[in-house]
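Note sheet for the following structure.
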Amino acid sequence: MYPFISDTLLISTHRSMSNAHASLIEMTVNEKAIAAQFVTSYYQVFDTDRSQLGQFYRPESKLSFEGDERQGAQRIVEKLMSLTFRVVQHAGTVVDAHIIDGYGLLICVLGQLKTDEDPPHSFSQTFVLRQFGDSLFIVNDVFRLGLHHQ
């Protein structure tokens with residue numbers, strides 16, 4: 001099942017995504033709630049034990065981290081584990097979400113990232129989630145720090 005979604009939300013979301021006549025309000029409430037729960041769960045795992053992030057990805061998942069691209073859960077986790085900071089804390093300040101009809105969920109996060117003793121940096125991260133069986137997984141993940149590269 002979805003590790004980050006309550007059963008009540010899951011039932012109404014399935015109804016929303018499969019019923020063409022479901023109200024836009026119901027779909028909007030659920031996509032925002034799913035996105036909020038996902039972001040909270042993902043960053044909690046990232047901030048406490050990056051080695052466990054593989055549960056969010058599949059072999060076909062793709063990551064672009066500051067332009068460095070990886071595919072597959074194992075290679076993505078290897079990349080995230082290779083980051084040099086020891087302590088990290090994400091704070092999502094804005095989370096936007098849209099259902100991609102017949103495909104999944106697009107989530108855009110704008111937030112602050114604090115690592116070790118460094119000052120906080122702005123970041124943006126975009127996820128595309130897709131259903132596989134009874135689970136949602138990240139099919140695309142694009143991360144950028146809010147720094148201007150030359």
Side-chain angles (χ1 to χ4, degrees), residues 1-20 22 24 26-115 121-147 149:
M1 292 301 281
Y2 304 88
F4 51 86
I5 300 175
S6 69
D7 292 336
T8 304
L9 183 59
L10 178 62
I11 291 166
S12 60
T13 301
H14 275 301
R15 198 174 298 130
S16 295
M17 293 179 77
S18 64
N19 181 355
L24 182 58
E26 181 183 1
M27 290 173 65
T28 301
V29 168
N30 288 330
E31 68 194 9
K32 290 181 186 305
I34 290 169
Q37 288 183 17
F38 166 77
V39 167
T40 298
S41 180
Y42 180 85
Y43 290 135
Q44 181 179 27
V45 172
F46 193 108
D47 294 354
T48 58
D49 187 359
R50 282 178 276 166
S51 70
Q52 299 302 309
L53 287 171
Q55 66 184 309
F56 293 95
Y57 299 96
R58 292 195 36 83
E60 61 269 33
S61 300
K62 293 182 180 180
L63 167 71
S64 177
F65 190 93
E66 289 290 311
D68 185 4
E69 296 185 6
R70 304 293 171 103
Q71 181 171 354
Q74 181 177 348
R75 292 195 68 219
I76 290 169
V77 172
E78 286 170 0
K79 170 62 182 173
L80 298 175
M81 291 295 296
S82 76
L83 301 173
T84 58
F85 49 79
R86 289 184 312 275
V87 177
V88 61
Q89 182 179 9
H90 289 82
T93 53
V94 177
V95 177
D96 295 311
H98 294 280
I99 290 177
I100 304 170
D101 289 337
Y103 188 80
L105 184 63
L106 172 70
I107 301 172
C108 297
V109 180
L110 181 61
Q112 292 279 307
L113 177 68
K114 173 104 174 74
T115 58
H121 293 288
S122 295
F123 76 91
S124 67
Q125 191 160 14
T126 302
F127 300 97
V128 176
L129 304 184
R130 186 154 129 205
Q131 186 170 346
F132 181 80
D134 287 339
S135 298
L136 288 175
F137 72 95
I138 301 168
V139 68
N140 297 100
D141 179 354
V142 178
F143 176 91
R144 282 281 180 184
L145 284 173
L147 303 173
H149 299 281

field: Nearest-0.5 Å distance that lies between atom CD in Gln131 and atom CG in Leu105
entry: 11.5 Å
task: Dump the intermediate steps for side-chain contact (heavy atoms from CB on, under 4.5 Å) on Leu80 and Phe143, then the final yes or no.
output: CA-CA 11 Å; Leu80 298 175; Phe143 176 91; over 6 Å; no
task: Dump the intermediate steps for side-chain contact (heavy atoms from CB on, under 4.5 Å) on Thr126 and Asn140, then the final yes or no.
output: CA-CA 8 Å; Thr126 302; Asn140 297 100; over 6 Å; no
field: Under 3.5 Å donor-acceptor, Arg75 side chain and Arg70 backbone
entry: no
- prompt: Is Ser41 reaching over with its side chain to a backbone N or O of Gln37, donor-acceptor style, under 3.5 angstrom?
  reply: no
query: In this structure, which one of Leu136, Leu129, Ile138 forms a side-chain contact (heavy atoms from CB on, under 4.5 Å) with Phe56?
result: Ile138
message: Rounded at 0.5 Å granularity, tell me how far CZ in Arg130 sits from CD1 in Ile100.
response: 10.0 Å
- prompt: Atom CD in Gln125, atom OG in Ser64: separation rounded to 0.5 Å?
  reply: 10.5 Å
query: Quick check: are there more than 12 heavy atoms from other residues, nucleotides or ligands sitting under 6.0 Å from NZ of Lys62?
result: no
Table please: side-chain donor-acceptor pairs of residues 82-99 below 3.5 Å, with sequence neighbours left out.
| from | atom 1 | to | atom 2 | distance (Å) |
| --- | --- | --- | --- | --- |
| Ser82 | OG | Lys79 | O | 2.6 |
| His90 | ND1 | Asp47 | OD1 | 2.5 |
| Thr93 | OG1 | Leu110 | O | 2.8 |

query: When rounded to the nearest 0.5 angstrom, what distance separates CG in Leu53 from CD in Gln55?
result: 7.5 Å
query: Are the side chains of Asp141 and Tyr42 in touch, meaning some heavy atoms are under 4.5 Å apart?
result: yes
- request: Would you name the heavy atoms of Met81 and Ser51 that are closest together and state the gap between them?
  value: SD-N, 3.2 Å
query: Residues in ring pair (Phe, Tyr, Trp, His ring centres under 6.0 Å) with Phe137, at least two apart?
result: none
- request: Answer yes or no: is there a side-chain heavy-atom contact under 4.5 Å between Glu66 and Arg144?
  value: yes
- prompt: Just wondering, do Val109 and Phe127 contact through their side chains at under 4.5 Å, heavy atoms?
  reply: yes
CD (Gln71) with more than 12 external heavy atoms under 6.0 Å: yes
statement: One should read off an interatomic distance between Phe46 CZ and Leu113 CG, to the nearest 0.5 angstrom, of 7.5 Å
